[in-house]
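Just below is one structure, and these are the notes that go with it.
It should be emphasised that the depicted structure is a prediction, and the values quoted were computed from it without experimental measurement. Note that the numbering runs from 1 along the sequence shown for the chain. Scope of the values below: all heavy atoms of this structure, side chains included, with no hydrogens, waters or symmetry mates.
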Amino acid sequence: MLMLNRFVIAANEEAFVERAHAALAALAARPGYLRGELTRSLDEPEHWCLLTEWESVGAYRRALGGFDVKMTATPLLAESLMEPCAFETLAAAEPGGQVETKASDRA
């Protein structure tokens with residue numbers, strides 16, 4: 001499962017980056033976390049994205065209950081753009097590999 005939280009940061013970029021690093025560290029410490037990245041648009045540098053990948057929807061939701069996540073990540077995530085941000089992986093391919101499909105977790 002991928003979480004893509006997008007932000008528009010017009011001022012105080014350093015403070016945002018510091019908070020995003022703390023949020024990413026808190027999320028990375030939770031069970032079920034697979035990877036994460038803080039990225040910035042090359043075309044519009046005020047646009048940022050916090051990407052995290054999780055074993056499952058349940059792992060992500062349980063991670064949100066952790067104290068450090070509540071104190072650092074949740075306030076930051078609440079400032080992300082109001083748009084769909086949770087995505088399930090339905091197909092993937094490793095470099096040079098075959099496309100592998102997965103069934104949806106949606107019931």
Which atom names give the shortest non-hydrogen contact between [X] and [Y], and what distance separates them?
X     : Y     : answer
Ala73 : Ala23 : CA-CB, 3.5 Å
Gly32 : Ala59 : CA-CB, 3.8 Å
Thr72 : Ala26 : OG1-CB, 3.3 Å

Are [Y] and [X] connected in a single hydrophobic cluster, I mean Ile/Leu/Val/Met/Phe/Trp/Tyr linked by side-chain heavy atoms less than 4.5 Å apart?
X     : Y     : result
Tyr33 : Met3  : yes
Val57 : Leu64 : yes
Leu50 : Val69 : yes
Tyr60 : Leu38 : yes

Output every pair passing salt bridge (charged side-chain N to carboxylate O under 4.0 Å, His left out) with a member in residues 26-54, not counting sequence neighbours, ordered by first then second residue. Glu13-Arg40, Arg35-Glu37, Arg35-Glu53
I'd like to check Ser104 versus Glu88 (side-chain heavy atoms, cut-off strictly below 4.5 Å). Are they in contact? yes
If you define the side chain from C-beta out and look only at heavy atoms, does anything of Leu51 sit under 4.5 Å from Thr39? no
Hey, what do you get for [atom1] ([X]) to [atom2] ([Y]), rounding to the nearest 0.5 Å?
X     : Y     : atom1 : atom2 : answer
Arg62 : Glu55 : CZ    : CD    : 8.5 Å
Cys49 : Arg6  : SG    : CZ    : 7.5 Å
Leu34 : Thr52 : CG    : OG1   : 9.5 Å
Phe7  : Leu77 : CZ    : CG    : 5.5 Å
Leu76 : Leu27 : CG    : CG    : 9.0 Å
Phe16 : Ile9  : CZ    : CD1   : 4.5 Å

Atom CD of Glu100: over 12 foreign heavy atoms under 6.0 Å: no
What do you reckon, is CD of Glu18 surrounded by more than 12 foreign heavy atoms closer than 6.0 Å? no
Tell me, please, which residues at least two apart from Leu42 pass side-chain contact (heavy atoms from CB on, under 4.5 Å). none
So, using salt bridge (charged side-chain N to carboxylate O under 4.0 Å, His left out) as the criterion, who are the partners of Glu79 when residues are at least two apart? Arg19
